[in-house]
4 protein chains.
Amino acid sequence: MAGTSETRTRPGRAALLTAARRTFSSKGYDGASIRDIAQEAGLSLSALYYYFPSKQDALLELICSTFDDFLGSAHAILQESGEDARSQLDALIRFIVRFRIANREGSRVLLRETERLDPERLEIARARQIASNELIKGVVLRGVEQGHFRTPYPEEAVRAVVSFCNSLPLWYREDGRLSPAQLEERYTHFAFRLLEAEPETSCRPGAASPGAVRT
Amino acid sequence: MAGTSETRTRPGRAALLTAARRTFSSKGYDGASIRDIAQEAGLSLSALYYYFPSKQDALLELICSTFDDFLGSAHAILQESGEDARSQLDALIRFIVRFRIANREGSRVLLRETERLDPERLEIARARQIASNELIKGVVLRGVEQGHFRTPYPEEAVRAVVSFCNSLPLWYREDGRLSPAQLEERYTHFAFRLLEAEPETSCRPGAASPGAVRT
Amino acid sequence: MAGTSETRTRPGRAALLTAARRTFSSKGYDGASIRDIAQEAGLSLSALYYYFPSKQDALLELICSTFDDFLGSAHAILQESGEDARSQLDALIRFIVRFRIANREGSRVLLRETERLDPERLEIARARQIASNELIKGVVLRGVEQGHFRTPYPEEAVRAVVSFCNSLPLWYREDGRLSPAQLEERYTHFAFRLLEAEPETSCRPGAASPGAVRT
Amino acid sequence: MAGTSETRTRPGRAALLTAARRTFSSKGYDGASIRDIAQEAGLSLSALYYYFPSKQDALLELICSTFDDFLGSAHAILQESGEDARSQLDALIRFIVRFRIANREGSRVLLRETERLDPERLEIARARQIASNELIKGVVLRGVEQGHFRTPYPEEAVRAVVSFCNSLPLWYREDGRLSPAQLEERYTHFAFRLLEAEPETSCRPGAASPGAVRT
DNA sequence: AATGAATGAGCCTTCATTCAT
DNA sequence: CATGAATGAAGGCTCATTCAT
């Protein structure tokens, strides 16, 4: 698991990263002062500068570690989910939904504050962003080649699917109407419809029951 | 067209709003200083305070006027597009795509900076946001009742459709691969697939030709 | 007179320059905070940034204006003091002594804080520093050519003379033992001795009476 | 040689003093951070606090040890150079020139940063400064009494001589035009001229040959 | 209709310093 | 001996805002 040893050995740093994540997520990068972050972490203002050279570097670290968590898990999941692009997409969408919900704040920062990085650091983050997009695009395009996805606009369809998955952290609330499992269900459903997956041979195990609404 | 008389009679105000739109869009509300805005408008710093009581008010004005433009046009379009929810949705999605592209900067501000409003002003903007969402939701739910849209998850489907339409201002570039008309085409296509519109009776005029890729 | 119109039209700026001069002189550039300067000027901290882009720019302005005052007057004095290098040197040394005493604080800043300028600004100040040194060197070398100064080491002699003149602002106090006029007397005397001016034909008017010690 | 045993037994301390000397010399006391010094010494920040109670104390130590080196050697040299004030002055000026060149950085700190000491420590350093000045003044005044120096302004002449000697560390560079030996020659020459030493009985051994310019 | 001058609060960052280990 | 972790104070600078003109 990522960051475990660091979390254990450098609690101050981990506390600051968590605080930065929370604060950047709710106030935005520019709206969050390092005083806000330090206070949220229960440390002094200067502590941030002991662990991070600058506010920009803290943001970069946050974004990159979130990307790396995402990419690491996504790769693992793709390798476990067989050759069929449909099962791969199913697993991938379910993972993205889970990840965007579980790492809601990190995802918000990654999705909305990356462009606040200065050019040099932006490039570093952008590389991961591209890798992340290519991962999904790769699965879809393979599915199109295999004839499983029949959308006439694969490129834009990928963007649309990614867009509605990425919007999750913007509105999801733990006390909301739907559970993460139900959201997995719905979002994979949407993705398959949008990509115009051939309907008859749906190989997804839980696809039959749409999942009851939570009480 | 909204704001014409104002534009004619108070050029300074219009220049400032345009500058604020551009600046908030590219730097974010907190990252944009009123000096940035005044400079972009070619006016002095104090001019902004002649036209707007505060930075917050400029943001509110920007967001509300964009919402009002959107809502005004959207209502008109719905009224012109018959009773059938499918033709209404078609017209509505096409309008949203056009609007998000044509008012790219205003939309970015509206979509990403609304939450920077203080509670009092947020409420004012939120009302329009809700009206805007209800408008789309209304069309879809009517379509579901009419049996034209067969998605099992209408509420979430609306959110998904809105999400991918709203992501347009985040990546659209005038020198991009696809023209606005092509994007209209694709996004209505996606919306109909995602909502699981009954395929045989597609009444959309331009739906047959997917639109050639621009050279 | 330098700066008169500015002094009259922008009193805040002049007050800040005076305060910066005094503060840099007593605490050094790095030891003086802009809060110190603003307080000394009776203005707010931010006022400094209304008139100067940065602390470095305030230092540069201070140094350059002092240099320019010096160079302007020095040139005028040389033109008024005939062709003979001895009378020129006499006038010049007397002026330097007067200037270093009258502009004690500005001179301290100029002499000790110039090297705190960043490379870009340092170059600008250095040009004036060189002009200033060349001015004196020119007079001495002409005197050597004319045979009036017989020192075997003209270059180093110039440096020595400049050095002891420039040390004036480091120790001079208004309540000291010697008046400015007496110091003029002594320092020209020293300069002539050090340069080994031919003794018999001393043309300096006041050279005969060494000036009584003040009570 | 002073500090040998300490240098051998406490290399960290010596490294820090050297680093402090270099750093204070180039950046000034206030412009030098203790991080700069520790880094220059290749030690950790806290190491400085192991050897010195504070930054002020490091400065004081630096200044006092430089003064003590100077005074110790100066006294020894005076005792070796006979009764005649002229030979004493010759030896003393030559020593000062050598010292200011060899201990260029220490001298810069001593001459320019002493006034950054807080009042309590300033007093300690000031005592040595006075001792140092009295030493030179004593020689000159004795020479005046003996009739060897005929300057009408002995007090100010001392200041002038000290001033040009002390300016050496401000401009001397090892790759400069003149060797230390040549500078000894010139500066004693200047001192004798400025003090108006009786010309005929010059007893200085090397005074005849002004010293060739280095290639 | 618009501006120049000025401000207080707050920004990110660096400082000298401490202390447990 | 020496360090890593942490801090309060202060650093230079920018902020949104005001107000007389």
Side-chain angles (χ1 to χ4, degrees), chain A residues 9-13 15-16 29-38 41-58, chain B residues 9-13 15-16 29-38 41-59, chain C residues 9-13 15-16 29-38 41-58, chain D residues 9-13 16 29-38 41-58:
Chain A
T9 54
R10 305 178 72 179
R13 191 173 202 273
L16 283 166
Y29 174 75
D30 287 308
S33 82
I34 62 166
R35 273 165 187 85
D36 293 335
I37 297 170
L43 287 172
S44 81
L45 193 170
S46 342
L48 203 150
Y49 286 91
Y50 182 75
Y51 291 108
F52 303 98
S54 71
K55 193 188 179 190
Q56 280 275 316
D57 284 296
Chain B
T9 54
R10 306 176 75 182
R13 192 172 202 273
L16 282 168
Y29 174 75
D30 287 308
S33 82
I34 63 166
R35 272 166 185 83
D36 293 333
I37 297 169
L43 288 173
S44 86
L45 205 170
S46 330
L48 203 149
Y49 283 91
Y50 180 77
Y51 291 110
F52 302 99
S54 72
K55 192 188 179 190
Q56 278 277 317
D57 285 298
L59 175 60
Chain C
T9 54
R10 304 179 73 179
R13 191 173 203 273
L16 283 166
Y29 175 75
D30 287 307
S33 82
I34 62 167
R35 278 164 183 84
D36 292 335
I37 296 170
L43 287 171
S44 80
L45 193 171
S46 342
L48 203 151
Y49 285 92
Y50 182 75
Y51 290 108
F52 303 98
S54 71
K55 193 189 179 190
Q56 279 275 315
D57 284 297
Chain D
T9 54
R10 307 176 74 181
R13 191 171 204 275
L16 281 168
Y29 174 76
D30 287 307
S33 83
I34 64 167
R35 273 168 185 80
D36 292 335
I37 296 170
L43 290 173
S44 85
L45 204 169
S46 329
L48 204 148
Y49 282 92
Y50 180 76
Y51 291 110
F52 303 99
S54 73
K55 192 188 179 188
Q56 279 276 317
D57 285 298

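None of the values given here were measured: they were computed from a predicted structure. Chain letters run A, B, ... following the sequence lines, proteins first and then strands; every chain starts at 1. Just the heavy atoms: all of them, side chains too, but no hydrogens, waters or symmetry mates, feed the values below.
Atom CG of A:Leu16 and atom CD1 of A:Ile37 lie 8.0 Å apart (nearest 0.5 Å).
Inter-residue side-chain proximity for D:Leu45 and D:Ile34 is flagged as met; some heavy-atom pair is nearer than 4.5 Å.
For D:Ser44, the side-chain hydrogen bond (donor to acceptor under 3.5 Å, both in side chains) test picks out no residue, with sequence neighbours left out. Residues passing the side-chain hydrogen bond (donor to acceptor under 3.5 Å, both in side chains) test with D:Ser46, sequence neighbours excluded: none. For D:Asp30, there are no side-chain hydrogen bond (donor to acceptor under 3.5 Å, both in side chains) partners at least two apart in sequence or on another chain.
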**OP:** Let me have a per-nucleotide readout for nucleotides 8-17 of chain F, 5' to 3', with B, S or -, counting only protein heavy atoms under 4.0 Å.
**Re:** BBBSBBBBBB
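Residues A:Leu48 and D:Tyr50 each lie close to DNA chain F; by heavy-atom proximity, the contact nearer the 5' end of the strand is made by D:Tyr50.
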Subject >> Dot-bracket line, read 5' to 3' along DNA chain F, where crossing pairs take [ ] and | marks a partner on another strand, Watson-Crick or G-U under 3.5 Å >> reply: .||||||||||||||||||||
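Dashed line: the shortest gap from a side-chain N or O of B:Tyr51 to OP1 or OP2 of E:dA1 is not under 4.0 Å.
Pairs of residues two or more places apart, or lying in two chains, that qualify as salt bridge (Lys or Arg N to Asp or Glu O under 4.0 Å) and include a residue from residues 47-59 of chain B are B:Asp57-B:Arg121.
Atom pair B:Arg13:CZ and E:dA2:P shows a separation of 13 Å (rounding to whole Å applied).
Scanning all heavy atoms of the two residues, the minimum distance from A:Ala41 to A:Ala15 falls at CB-O, 3.7 Å.
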Original post:
Under the side-chain contact (heavy atoms from CB on, under 4.5 Å) criterion, do C:Arg13 and C:Phe52 qualify, and how do the steps go?
Top reply: CA-CA 9 Å; C:Arg13 191 173 203 273; C:Phe52 303 98; 3.5 Å; yes
